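Along the sequence shown, the residues carry numbers beginning at 1. All ligand and atom numbering here is 1-based and tracks the order in the structure. Just so we're clear, the structure is a prediction, and the values are computed from it rather than from any experiment.
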Amino acid sequence: MCALLVAGFALPPTAAAVETSVVCPVDPLPVTSAQTDALFALAAGRLYAASDITGLKPPGVKYPFGATARQTQYLRSDVYGWTAGFYPAELWLMYERTADPAWLALARTWTRNLLPVAKWTGSHDLGFMIGLPAGLGMRLDPDPAQRITYRRAIIDAAKSLSTRWNNKVKAIKSGEYGGKWGLIIDSAMNAPMLIEAGNLIGGAEGAQLRSRGEQHLLTLAKYFVRSDGSTFHRLTFNPLTGALTGPVYGQGYNMSTSTWSRGQAWAMYGFAKGYAATGNPILLDAARRTTGFWNQQVGPGCIPAWDLDVWSAFAPRDSSAAAIAAAAMLQLADLDPVTSAASRQSALATLGTLTMPEWTSVNTQNPGILIRQTWNVPILKYEGSYVWGDAYLLESALKVSRPTSR
Ligand code: GLY
């Protein structure tokens, strides 16, 4: 049976082709170095343009957040937004790619302005906000004094997260959902920072941070991963007994039965990172099962709708979920000989699609890089470009294009 073509893309050749949650290229191909070169050329222009904050009023609103499809200027957040770390992370990745001191200077400035947030206990997202850019700075900054500053911020941020620990649920509180003590699957990406900081500090305090980070991931693996490898988005618990009280609505289509695409990708990557940091086989199993579900539902080179249970080829896409999933699969490929070849092949094909002009801003005036992402469809149903999808696309593209000797 012929595949159904939609704007140059083909839906899987099944009888129910119009009722699919994914769109796929006719012939998914692995990403090429010409595609990654073009991506980084585009990124250089977009990221440099966004660093010009002339006309923005400090203090406050200035970190790029995203833009819907037709917007030509970024909406920006203050340093307390959960997305504030992604733009600095992109600047570090540009520095890693080019070794150009101009990118180093920008990455330092945009990271340094964020670091006071490390002492804030009001968010569970400090792994994204501090751990990601400061972790890149610790790895890439040539100046030892700067690296010490980033190291201190990671430790401070982990200690801040640790104040949100609940010993009954055995997890770091994500937030109040519907007035109840809640966990969100995205937190899989924040918990690894506790393990990393624990390793940096050592001793009893370090062991506690490490144990809390690992235990948080184990709690997510126990409650959020369904038997088929799909995931819940938000769950609430009784903080006095630790008992699960049930799912609540978040960004997905159905709080009980559906799988929010980006949440699945956060789970894949968080569990893979957790396994890398601990060697715990339960986390490897969670990474394998969530990745297996992704590949079964989405498939190499295909891009999902914002929720994997929204069966319409015309529903908003979430290309950011695909970019995060690609980054997750590249990480898992490095760790797990059993699934390595399949994960790598799927990641390369996904990047092959995401770096095609249909999925980047190259032919648009949009200030971001990866288009056709979604933020929170129940609130805003339009596609756009957002800094998290851009950051994980650059991370993955850099990883597959980096000479192996580097
Ligand atoms: N962490 C929030 C999101 O992925 O939208």
Counting only heavy atoms from other residues, nucleotides and ligands, does the tally under 6.0 Å from CD of Gln365 exceed 12?
no
Is atom CZ of Arg344 surrounded by more than 12 heavy atoms (other residues, nucleotides or ligands) closer than 6.0 Å?
no
Sub-4.0 Å heavy-atom contact, Tyr386 with ligand 1:
no
Using a 4.0 Å heavy-atom cut-off, say whether Trp388 meets ligand 1 through its side chain, its backbone, both or neither.
neither
Ignoring angles and geometry beyond distance, decide whether [X] reaches within less than 3.5 Å of ligand 1 through its nitrogen or oxygen atoms.
{"X": "Trp375", "result": "no"}
{"X": "Gln251", "result": "yes"}
{"X": "Asp125", "result": "no"}

Looking only at protein heavy atoms, which one is nearest to atom 1 (N) of ligand 1, and what is the separation?
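For atom 1 (N) of ligand 1, the nearest protein heavy atom comes out as Asp186 OD2, 2.5 Å.
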Taking atom 5 (O) of ligand 1 as the reference point, the nearest protein heavy atom with its distance:
Arg262 NH2, 2.5 Å
Compute the centroid of each ring, for Phe237 and then for Tyr223, and state whether the two points are separated by less than 6.0 Å.
yes
Would you say the ring centers of Phe128 and Trp266 fall short of 6.0 Å from each other?
yes
Test salt bridge (Lys or Arg N to Asp or Glu O under 4.0 Å) on Asp285 and Arg289 and set out the steps.
CA-CA 6 Å; Asp285 179 63; Arg289 291 198 298 122; 3.2 Å; yes
Main-chain N/O of Trp306 paired with Thr374 side-chain donor or acceptor, under 3.5 Å:
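Checking the backbone N and O of Trp306 against the side chain of Thr374, no donor-acceptor pair under 3.5 Å is found.
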